[in-house]
**Q** 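Have a look at this one.
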Amino acid sequence: MGSTKIKYNRSLVWFRRDLRVDDNLAIKRAIESSSQIYFLFVFDRQILDRLSDKSDRRVHFIWHSVRELKELIKKQGGFLNVEYGFATEIVGLIAKKFSVNAVFYGEDYDPFSVRRDKIVRDKLEKLAIDVVSVKDHVLKEKSEVMTAKGLPYTVFTPYKNAWLKKPPCIPRRITLDEHRQKLYDPRVNSDMPSLKDMGFSEDPSCLDGYFPGESGAKKTILNFKDTISSYNLNRNYPALNQTSRISVHLRFGTISVRTLYRLAIKIKSPGSEAWLNELIWRDFYFNIVYHFPHVTKNAFKKQYDNLIFPNCSVLFKAWCQGRTGFPIVDAGMRQLNETGYMHNRLRMITASFLVKDLHVDWRWGERYFAEKLIDYDLSANNGGWQWAASTGCDSQPYFRIFNPVLQSKRFDKDGVYIKKFVPELKHVASKYIHAPWLMSSEDQGYSDCKIGYDYPSPVVNHDEARRKALSMYKSAKI
DNA sequence: TGAAATGTTGGGGCG
DNA sequence: ACGCCCCAACATTTC
């Protein structure tokens, strides 16, 4: 048994992107070193005020998850204080108001969070309150995986090999129940702000298909368990729905990444190895942003900062709306717009298309995904976009350009996924579903889909666009 | 976790 | 029987 000394009389656990009680290391560390604990969550206006969509799915997801969290804590006799305002001010105020000796939270690595946490930390230090930042969100952080020379890895495969040499540290779980006596309920006004209070519209339909909270994460994992052994084979086919769908839970911490790791190594199979690989990719991109913060603004490979993108706003808009005339691209974008989620294969295809066919700056696409994806995470999103744009570390070389028609044929042979999100192509035969502009006017009549009227004509010619991308990249390299 | 251009091979049609 | 051409099918290289 860990017999860590009690160091603090009262501690505050500040939840951020770890909205769970199960296997939460900030809670565990706080309990081990304190006699009394309570909890805080802040709806941070610094983030919320910038959201233009007042029925933002993420805010809804968080709100419902926080509500469940509050209930779980209350059941054990504890108290989750939920505030609305600026975290940089509130955390200090609450810590002072409740006379805590320490604040515990899970480490966050993206530049916005690092800046915020620095401000909070400085304020707390002035109040003589300790700050304990705990590794919780990733399996391996910061400088845990380094080359023999002590440098950060910039290529995935050697990073992965080094990562796998030593299993990650998985501390024993504790439950709140076994530490009930440490939970503290100040019996203050215990309501939490409603979505309306914070200026958001209450729109339950925006969470259709999502299950927030720890309970939702458990349900999601339960569904995935049966398909994990064939994950390597099936994950690339968007019509099959055989991905884990756990990303949003990982994003907001309604499940612990260590729980997922345990699942990945429980039964060895090609599927579970591919799944573990994805968890390692996630660590990898966190590491990249941590060690090379310039990637959030610029290309990882400096020579590609010279790229000159024409950034045609008409083409960009067509892409955003899913009206490029390329069915597979449009299906992906419409899935994103309608559901807040996009299958990973489609993230690659649509990203490649925006950059290499429409010649729009990858940052524009990165920002659009950031607005729309419910599972948006800076490091993974940035890593993915730089990979597709060939500007990233270990990205695909610039001359590897996806052909949207071939990708479509390969990964959505019968157009099942396409037809789900592009209903105007519903009656188009499989033969034409990947490139409907090739239909004769007679076939367009049969399939009730007149190109340029019911469904857009292709906004670019892939072959020409590809050649132009090659010359753009070639001249940037110099 | 590409795709296109180019090169090579071999079978079949044909004079 | 033979050379020639065509063109899949596959392999290699190039971007």
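Below, all heavy atoms of this structure are taken into account, side chains as well, without hydrogens, waters or symmetry copies. Naming convention: chains lettered A, B, ... in sequence-line order (proteins, then strands); numbering from 1 in each chain.
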**Q** Quick one: A:N277 CG to B:dT1 C1', roughly how many Å, whole number?
**A**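 Atom CG in A:N277 sits about 11 Å away from atom C1' in B:dT1.
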
**Q** Look at the side chain of A:Q396 and decide which nucleotide, out of B:dG2, B:dT1, B:dA4, has an atom nearest to it.
**A**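 Looking only at heavy atoms from C-beta outward on A:Q396, the closest nucleotide is B:dG2.
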
**Q** Which residues in residues 344-362 of chain A have a heavy atom closer than 4.0 Å to any atom of DNA chain B?
**A**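 Close to the strand are A:M348.
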
**Q** Can a salt bridge be assigned to the pair A:D357 and A:R466 using a cut-off of 4.0 Å between side-chain N and carboxylate O?
**A**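 Between A:R466 and A:D357 there is no salt bridge, as every charged N stays at least 4.0 Å from the carboxylate O atoms.
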
**Q** Under 3.5 Å, is there a donor-acceptor pair between the side chain of A:K426 and the main chain of A:K420?
**A**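 Checking the backbone N and O of A:K420 against the side chain of A:K426, no donor-acceptor pair under 3.5 Å is found.
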
**Q** Test A:D23 against A:R258 for salt bridge (charged side-chain N to carboxylate O under 4.0 Å, His left out), laying out the working first.
**A** CA-CA 8 Å; A:D23 194 28; A:R258 292 171 298 280; 3.2 Å; yes

**Q** Looking at A:N236, does any N or O in its side chain come under 4.0 Å of the phosphate oxygens OP1/OP2 on B:dT1?
**A**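 Checking A:N236 against B:dT1: no side-chain N or O falls below 4.0 Å of OP1 or OP2.
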
**Q** Check the distance between B:dG2's P and A:Y473's OH and give it to me in whole angstrom.
**A**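 Distance, rounded to whole Å: 15 Å.
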
**Q** Check A:D110, A:D44, A:D117 against A:R16 for a salt bridge (charged side-chain N to carboxylate O under 4.0 Å, His left out) and give me the one that passes.
**A**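 Between A:R16 and the candidates, salt bridge (charged side-chain N to carboxylate O under 4.0 Å, His left out) is satisfied uniquely by A:D117.
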
**Q** Verify, without hydrogens or angle tests, whether A:H249 (side chain) and A:F211 (backbone) share a donor-acceptor contact under 3.5 angstrom.
**A**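 Yes; at least one donor-acceptor contact below 3.5 Å.
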
**Q** Taking only nitrogen or oxygen atoms into account, show me every contact under 3.5 Å that the protein makes with nucleotides 12-15 of chain C, one pair per line with its distance.
**A**
{"from": "C:dC15", "atom 1": "O3'", "to": "A:K474", "atom 2": "NZ", "distance (Å)": "3.2"}

**Q** Between A:K70 and A:F41, is NZ or CZ placed under 6.0 angstrom from the six-membered ring centre and within 45° of the ring axis?
**A**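 Not satisfied by the 6.0 Å and 45° rule.
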
**Q** Report the distance from atom CG of A:N403 to atom P of B:dA5, rounded to the nearest whole Å.
**A**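 In whole Å, B:dA5 P and A:N403 CG are 11 Å from each other.
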
**Q** Identify whether any heavy atom of A:R467 sits under 4.0 Å from a base atom; if not, whether one sits that close to sugar-phosphate; answer base, sugar-phosphate or nothing.
**A**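 It contacts sugar-phosphate atoms only.
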
**Q** Please report the distance, rounded to the nearest Å, between CZ in A:R282 and C1' in B:dT1.
**A**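 Result: 20 Å.
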
**Q** When rounded to the nearest 0.5 angstrom, what distance separates CZ in A:R17 from OG1 in A:T254?
**A**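 OG1 of A:T254 is found 11.0 Å from CZ of A:R17.
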
**Q** Taking only N and O in the side chain of A:Q407, is any of them less than 4.0 Å away from OP1 or OP2 of B:dA3?
**A**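 Answer is yes, contact under 4.0 Å.
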
**Q** Verify, without hydrogens or angle tests, whether A:N234 (side chain) and A:Q242 (backbone) share a donor-acceptor contact under 3.5 angstrom.
**A**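 Checked: no pair found.
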
**Q** Heavy atoms from C-beta onward define the side chain here; which of B:dA5, B:dG2, B:dA4 lies closest to that of A:L406?
**A**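 Given the options B:dA5, B:dG2, B:dA4, the side chain of A:L406 is closest to B:dA4.
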
**Q** I need the single residue from A:R20, A:K28, A:R29 that forms a salt bridge (charged side-chain N to carboxylate O under 4.0 Å, His left out) with A:D136. Which is it?
**A**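 The residue from A:R20, A:K28, A:R29 that satisfies salt bridge (charged side-chain N to carboxylate O under 4.0 Å, His left out) with A:D136 turns out to be A:R20.
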
**Q** For the pair made of NZ in A:K468 and C1' in B:dA4, what is the distance, rounded to whole Å?
**A**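 Result: 20 Å.
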
